[in-house]
There are 2 protein chains.
Amino acid sequence: MVDLKKGAAAAVAADEPGAVPDHEWELFNTPAPLINMASRGLMRLAERRLKPFGASAGQLPVFYLLRDGGAMSQRDLARLARIEQPSMAQTLARMERDGLIRRVPDPKDGRSSLISLTKKALTKAPALREALHAGRAELVEGFSEAEIATLCDLLRRLNRNLDRGVIREIAE
Amino acid sequence: MVDLKKGAAAAVAADEPGAVPDHEWELFNTPAPLINMASRGLMRLAERRLKPFGASAGQLPVFYLLRDGGAMSQRDLARLARIEQPSMAQTLARMERDGLIRRVPDPKDGRSSLISLTKKALTKAPALREALHAGRAELVEGFSEAEIATLCDLLRRLNRNLDRGVIREIAE
DNA sequence: ATCAATTACATAGGTCCCTATATATTAAAT
DNA sequence: ATTTAATATATAGGGACCTATGTAATTGAT
């Protein structure tokens with residue numbers, strides 16, 4: 001199942017003569033930097049793909065969560081997107097600036113607003129979905145479905161470890 | 001904290017009355033968001049672990065590349081750390097502000113400076129190394145060596161795909 | 001009913017990145 | 001030699017996150 005075929009070769013490569021010594025940087029043979037690098041690459045990819053539609057990567061969870069025209073509080077958006085509230089606040093501020101979302105005061109709770117996508121945003125949605133789908137295909141090009149599943153599984157476990165660490169340290 | 005109770009099942013499930021609908025968010029069953037989430041988690045972990053020593057995550061590559069007291073140009077630091085030059089410039093500015101690096105004009109090239117760690121930074125180095133080691137252990141807790149290797153391998157392939165995409169689009 | 005938590009947001013201040021550009025300086029080409 | 005192209009940094013402008021705090025509205029417990 002988990003075809004272990006190595007391929008650790010070509011990790012860094014290229015030892016030009018007068019060049020900087022090519023340290024066999026342990027940091028690139030450990031998961032953390034690879035994940036960080038992948039994340040940055042994904043961000044750039046998403047940015048390039050979404051910019052033409054006037055959207056950006058951080059807005060995707062909002063587009064997704066409100067895709068049916070529904071409304072939700074900022075808090076719920078943040079919780080479901082798994083980012084902190086101030087981060088979501090900033091994203092929503094930008095989306096509001098760009099006319100992508102609308103806020104309506106929650107009649108049930110004077111502190112809260114219900115956020116929903118504008119018509120403009122809802123119109124973009126299908127194109128975004130399409131762009132994402134294409135990006136995803138490009139990302140996992142050459143991967144078998146099993147490999148993708150394995151990758152996701154390992155990443156989920158990693159994320160669980162990360163969450164646990166946070167909780168452990170907060171609790172002490 | 002959003003119990004991600006995965007399991008591809010429960011797809012359309014659970015539409016409790018007042019609750020937020022538990023969309024079976026495709027985005028969390030695909031590698032991209034998992035990677036993004038892991039990267040953010042790693043960043044937070046690193047930050048927590050490094051702050052006590054007056055260092056931060058983005059500085060690690062610099063610490064590593066100059067660990068032996070050597071000197072290097074900003075360009076080479078950026079290239080080896082695989083970030084863009086302006087990003088490295090900003091990191092170095094912060095490190096200079098914090099007294100961690102020193103710049104000496106390159107006698108061979110009037111445009112360039114040679115960057116090296118200060119004594120202060122070199123002193124911190126072992127503690128950082130230690131902290132990283134501990135963090136790494138926590139991260140992959142419960143993983144077999146083979147699983148870690150598989151993860152790294154898959155991530156390297158992913159990164160290769162991401163790089164290829166960039167190149168392909170730049171070339172057109 | 002009142003006063004003290006507990007929320008929901010807003011704001012301030014930072015880090016880590018990226019793209020696009022401007023500014024020197026060195027290397028190449030004519 | 002001059003002009004031109006390529007390099008090494010610097011700067012401007014943003015986006016995406018985070019932590020720490022402040023503020024207003026709501027809940028809870030007297």
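Bear in mind that the values here come from a model prediction, so they are computed numbers and not experimental data. Chain letters run A, B, ... following the sequence lines, proteins first, then strands; residues in each count from 1.
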* Structure fact -> In this structure, CD1 of A:I101 is separated from CZ of A:R94 (nearest 0.5 Å) by 12.0 Å
* **Atom-to-atom span, CG of B:L77 to C1' of D:dT7 - whole angstrom** => 16 Å
* Between D:dT7 (P) and B:D76 (CG): distance, integer Å -> 13 Å
* Distance (rounded to the nearest 0.5 Å) between B:R157 CZ and A:L34 CG -> 13.5 Å
* B:S112 or A:D109: which one's nearest nucleotide on DNA chain D is closer to the 5' end? -> B:S112
* Please state how far atom CE in B:M37 lies from atom P in D:dA16, giving the value in whole angstrom units. => 17 Å
* To do: Check whether any side-chain nitrogen or oxygen of B:R103 sits under 4.0 Å from OP1 or OP2 of D:dA10, and answer yes or no.
  => yes
* Asked: Short question: side chain of A:T118, backbone of A:L100 - any donor-acceptor pair under 3.5 Å?
  -> yes
* Asked: Does the distance from a Lys or Arg side-chain N to an Asp or Glu carboxylate O, for A:K108 and A:D106, drop under 4.0 Å?
  -> no
* Take A:S56 and A:L50 through the test side-chain contact (heavy atoms from CB on, under 4.5 Å) and record every step on the way to the result. => CA-CA 6 Å; A:S56 66; A:L50 298 177; 5.6 Å; no
* Please round to the nearest 0.5 Å and tell me the distance separating atom CZ of B:F63 and atom CG of B:L132. => 10.5 Å
* Asked: Rounded to the Å, how far apart are B:R48 CZ and D:dC17 C1'?
  -> 15 Å
* **Distance, rounded to the nearest Å, where A:Q74 contributes CD and C:dT11 contributes P** => 11 Å
* To do: Quickly work out the A:L92 CG to D:dC17 C1' distance and round it to whole Å.
  => 14 Å
* Asked: When rounded to the nearest 0.5 angstrom, what is the spacing between CD in B:Q59 and NZ in B:K124?
  -> 9.0 Å
* To do: Please evaluate the base of D:dT26 for a donor-acceptor partner in the side chain of A:R111 within a cut-off of under 3.5 Å?
  => no
* Asked: Rounded to whole angstrom units, what separation is found between the CG atom of B:L45 and the C1' atom of D:dC18?
  -> 14 Å
* Asked: Within the structure shown, what part of the strands sits under 4.0 Å from B:D106 by heavy-atom distance: base, sugar-phosphate, or nothing?
  -> nothing
* Structure fact -> Readout for nucleotides 14-19 of chain C: B = base within 4.0 Å of protein heavy atom, S = sugar-phosphate only, - = neither; 5' to 3' it is -SBBBB
* A:R79 CZ - C:dT7 C1' separation (whole Å) -> 13 Å
* Structure fact -> Separation between CD1 (B:I35) and CD1 (A:I35), nearest 0.5 Å, reads 7.5 Å
* **Where DNA chain D forms stems, i.e. three or more consecutive Watson-Crick or G-U pairs with both distances under 3.5 Å** => C:1-30 with D:1-30
* Side-chain donor-acceptor pair under 3.5 Å between A:R40 and B:N159, yes or no? -> no
